[in-house]
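Each remark here refers to the structure printed beneath this line.
Note on naming: letters A, B, ... go to the chains in the order of the sequence lines (proteins, then strands), and numbering restarts at 1 for each one.
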Amino acid sequence: MTDKPVRTRFAPSPTGSLHIGGLRTALFNWLFARHHGGQFILRIEDTDQKRFDPAALTTLIEAMRWAGLQWDEGPEVGGDFGPYVQSERLEHYQKWAHWLVEQGKAYQCFCTPERLEMVNKEKAARKLPSGYDRHCRYLKPDEIAAKEAAGASYVIRFKMPLEGKTIAHDLIRGDVVFENDTLQDSVILKSDGFPTYHLAVVVDDYLMQISHVMRANEWIPSFPLHVQLWHALGWEMPQYAHLPVLLNPNGKGKISKRNPPKDKFGNIIPVMVHDYIHNGYLPEALSNFLTNIGWNFGDNREVFTITEAIERFNLEGINPSNSAYPVEKLDWLNGIYIRELSIEDLAKRLRPVLEAAGYEVNVEILLQVTPLVQTRIKTLNEVGAMAGFFFADYADFQAAPAEMLIQKKMDAANTTHLLEESLKLLEALADFSHEAQHEAFKNLAETLGVSNSQLFGTLRVAVTAQNISTPTFETMAILGKDESLRRIRLALESVKQTQT
RNA sequence: GGCCCUAUCGUCUAGAGGCCUAGGACGUCACCCUUUCAAGGUGAAGACUCGGGUUCGAAUCCCGAUAGGGUCACCA
């Protein structure tokens with residue numbers, strides 16, 4: 001490792017929201033930079049004009065900001081090494097591509113896509129490895145001049161060494177050795193004047209003084225190309241670390257948006273960060289979750305703050321092997337983070353979720369409801385099904401059907417009796433706090449010959465019309481005496497209807 | 001198929017030759033608590049892919065097999 005200042009970068013191509021695997025790569029880069037007190041840079045790799053989407057950058061940045069990432073240089077924050085969008089840096093790539101041609105380290109290739117296809121077909125027929133046959137590498141100067149004069153379009157290909165080995169050093173797995181005769185003369189500048197990824201990364205990483213390149217290990221196959229490119233350009237290479245990738249939960253194939261992964265129940269697992277936002281995950285939980293895959297905090301700790309992660313983050317702790325995406329841990333972690341939130345904070349995050357679900361949120365009630373749902377939800381979104389009824393119009397309340405009201409090992413008769421007795425008890429109550437209710441109900445179950453769980457369960461269903469909800473007395477206390485009694489009477493009618 | 005990477009409970013992982021009778025977490029199951037559901041507590045089941053070496057000693061080092069993954073574009 002050199003003593004150059006640490007500068008890492010995350011360089012996504014803007015195709016929409018951020019891929020969950022991309023977020024993890026970004027996180028690792030950011031953690032590493034922060035740990036070393038260095039800089040983290042966001043660079044946009046939009047050299048593929050066919051995939052251009054003007055709205056994508058905004059969405060991408062939104063996802064990264066949501067996740068808590070902060071970059072010191074980037075498209076919207078500026079910096080001394082900008083612009084940070086590759087489509088605005090074409091002159092650099094063209095300059096260096098042509099420089100390489102002049103130096104005899106790259107060459108113009110006039111081959112048409114049709115010819116390329118034909119070459120590969122022929123190779124396939126003879127069971128040879130596919131790839132360009134280097135036809136234009138051996139063009140004579142006058143042949144090149146003639147093609148140029150005729151206005152033929154061309155790409156620039158890099159001259160890979162024909163023999164020997166390329167040794168590429170990776171911080172995580174050591175030296176990776178490639179036989180040069182198995183390598184290709186890759187295109188580095190396309191016929192439209194745009195660079196391919198290979199040229200653009202090297203030029204930009206050099207110009208932006210990147211010290212450590214941390215990217216997904218799917219880049220290992222082109223690693224030797226990049227090493228040779230650095231060498232041909234005569235620049236000192238940064239350090240490279242190829243990160244493991246996220247595989248589908250069943251371990252088959254890397255996680256991708258095209259083939260949505262599924263959990264063990266067959267539910268589709270979100271791939272894009274925006275899906276996690278919309279599904280009610282906390283950014284703190286997501287980033288904690290992601291840093292736990294392929295990296296280990298140590299001390300048998302799984303739950304830690306991002307600040308703690310920054311203090312500890314190191315490349316040595318990175319596992320070189322790919323991981324099946326352990327989704328089920330995310331719900332667990334998200335639940336933990338939800339429980340650690342203050343009531344005010346949780347309420348603040350719950351409010352937009354409720355509103356998005358169409359509820360009109362009364363803040364006073366929300367503050368009372370929040371502690372009740374806090375231990376019961378794993379994602380913010382679950383609040384709707386659990387406690388949405390607090391925010392619905394009370395006038396619209398529909399009593400639960402009898403079969404739902406009648407608890408296990410009970411029948412219509414004793415359910416009716418139970419509700420009637422409860423009603424009497426509640427009517428007489430001056431203090432409607434949940435403590436007072438609890439006190440009042442202390443002996444009723446025994447008197448009625450039912451269990452507490454049957455009694456309270458019946459009441460809870462009566463008052464919420466839901467099987468799963470907030471606890472009975474707390475719920476009634478929030479609903480208020482009048483409304484609670486009204487609902488119990490409604491429930492009573494519902495049960496009685498089935499008796500006739 | 002060529003090239004490359006990887007290999008510890010179902011899954012995420014700890015483990016840098018003796019601390020390993022392989023630790024933690026999620027999930028699963030059981031019990032406790034209990035006002036449904038949760039949360040919380042306690043406990044259980046559960047892994048070094050296989051075969052050769054090296055060594056007094058291997059989950060740890062080497063080789064091979066096998067398996068999985070990645071990649072073979074004028075996409076990144």
| task | Please state whether the base of rU36(B) and the side chain of R460(A) form at least one donor-acceptor pair under 3.5 Å? | result | yes

| With a non-hydrogen cut-off below 4.0 angstrom, is P129(A) in contact with a base, only sugar-phosphate, or nothing? | nothing

| field | Side chain of S130(A) (C-beta onward), nearest among rA73(B), rG24(B), rG69(B) | value | rA73(B)

| query | Out of rC3(B), rC12(B), rG40(B), which has the shortest distance to the side chain of F178(A)? | reply | rC3(B)

| query | Would you say the base of rC37(B) and the side-chain of R376(A) have a donor-acceptor pair closer than 3.5 Å? | reply | yes

| request: Rounded off to whole Å, could you give me the CG-to-P distance for the D48(A) and rC75(B) pair? | output: 6 Å

| remark: Of the listed rU36(B), rA39(B), rC26(B), the closest approach to the K378(A) side chain comes from rA39(B)

| message | Tell me the interatomic distance from K329(A), atom NZ, to rG27(B), atom P, rounded to whole angstroms. | response | 9 Å

| query | From the list rA39(B), rC26(B), rC37(B), which nucleotide is the closest neighbour of the side chain of I468(A)? | reply | rC37(B)

| query | Is a donor-acceptor contact shorter than 3.5 angstrom present between the side chain of R301(A) and the base of rU13(B)? | reply | no

| task | Return the orientation label for the W295(A) and F297(A) ring planes: parallel under 30°, perpendicular over 60°, tilted otherwise. | result | perpendicular

| request: Whole angstrom is fine here: how far is it from CD1 in I336(A) over to P in rG27(B)? | output: 9 Å

| Do S191(A) and rC74(B) share a donor-acceptor pair, side chain to base, under 3.5 Å? | yes

| request: Examine F178(A) together with F223(A) and report whether their ring centres are nearer than 6.0 Å. | output: no

| L183(A) CG to rG2(B) P, straight-line distance once rounded to whole Å | 16 Å

| remark: Regarding the side chain of P113(A), the nearest nucleotide among rU35(B), rC74(B), rG24(B) is rC74(B)

| Is G251(A) touching bases, backbone alone, or none of the nucleic acid, heavy atoms closer than 4.0 Å? | sugar-phosphate

| request: Would you kindly check whether a donor in the side chain of E302(A) faces an acceptor in the base of rG24(B), or vice versa, at under 3.5 angstrom? | output: yes

| message | Given rU71(B), rU35(B), rA76(B), identify the nucleotide with an atom nearest to the side chain of F456(A). | response | rU35(B)

| Among rC4(B), rG10(B), rA7(B), the one nearest E328(A) by side-chain distance | rG10(B)

| query | Which is true for W219(A) with a 4.0 Å heavy-atom rule: it touches a base, it touches only sugar-phosphate, or it touches nothing? | reply | base

| Does the ring center of F158(A) lie less than 6.0 Å from the ring center of Y107(A)? | no

| Presence of K254(A) side-chain N/O under 4.0 Å of rC5(B) phosphate oxygens OP1/OP2 | no

| message | Tell me if the side-chain of T472(A) makes a donor-acceptor pair with the base of rU35(B), cut-off 3.5 Å, by modelled atom types. | response | yes

| message | A cation-pi test, strictly: NZ or CZ of R24(A) under 6.0 Å from the centre of the six-membered ring of F28(A) and no more than 45 degrees from its axis. Yes or no? | response | yes

| Of the candidate nucleotides rG23(B), rU71(B), rC74(B), which contains the atom at the shortest distance from the side chain of P221(A)? | rU71(B)

| Distance, rounded to the nearest Å, where R215(A) contributes CZ and rU71(B) contributes C1' | 13 Å

| query | Counting any heavy atom closer than 4.0 Å, what does Y325(A) reach on the DNA or RNA strands: base, sugar-phosphate only, or nothing? | reply | nothing

| task | For P270(A) and Y276(A), work out which heavy atoms get closest and say how close. | result | O-OH, 2.6 Å

| said: So, does T47(A) get its side chain near the phosphate of rA76(B), meaning an N or O under 4.0 Å from OP1 or OP2? | reply: yes

| message | In whole Å, I'd like the distance from the CZ atom of F289(A) to the C1' atom of rU11(B). | response | 10 Å

| Contact class for S323(A) (heavy atom, under 4.0 Å): base, sugar-phosphate, or nothing? | sugar-phosphate

| said: Taking the basic N atoms (NZ, or NE/NH1/NH2) and the acidic carboxylate oxygens, is any pair closer than 4.0 Å for K378(A) and D331(A)? | reply: no

| note | Out of rA14(B), rU35(B), rA76(B), minimum distance to the side chain of N319(A) belongs to rA14(B)

| Donor-acceptor pair present, T375(A) side chain and rA38(B) base, under 3.5 Å | yes

| field | Mate of rA7(B) where both pairing distances stay under 3.5 Å, Watson-Crick or G-U | value | rU66(B)

| Would one find a side-chain N or O of R157(A) under 4.0 angstrom from OP1 or OP2 of rC74(B)? | yes

| message | Using a 4.0 Å heavy-atom cut-off, does V155(A) contact any base of the nucleic acid, only the sugar-phosphate backbone, or nothing at all? | response | base

| query | Between D175(A) and K165(A), is there a side-chain N and carboxylate O pair less than 4.0 Å apart? | reply | no

| message | Apply ring-ring contact (aromatic ring centres under 6.0 Å, His included) to residues H226(A) and Y197(A) and explain how you reach the verdict. | response | CA-CA 10 Å; H226(A) 302 156; Y197(A) 169 82; 5.7 Å; yes

| field | Gap between atoms CZ and P, on R9(A) and rA76(B) respectively (whole Å) | value | 14 Å

| query | To the nearest angstrom, how far is Q184(A) atom CD from rU71(B) atom C1'? | reply | 12 Å

| message | Counting only Watson-Crick pairs (N1-N3 plus N6-O4 or O6-N4) and G-U wobbles (N1-O2, O6-N3), all under 3.5 Å, who is the partner of rC37(B)? | response | none

| field | Nucleotide nearest P471(A) (side chain, heavy atoms from C-beta), chosen from rC75(B), rU36(B), rG40(B) | value | rU36(B)

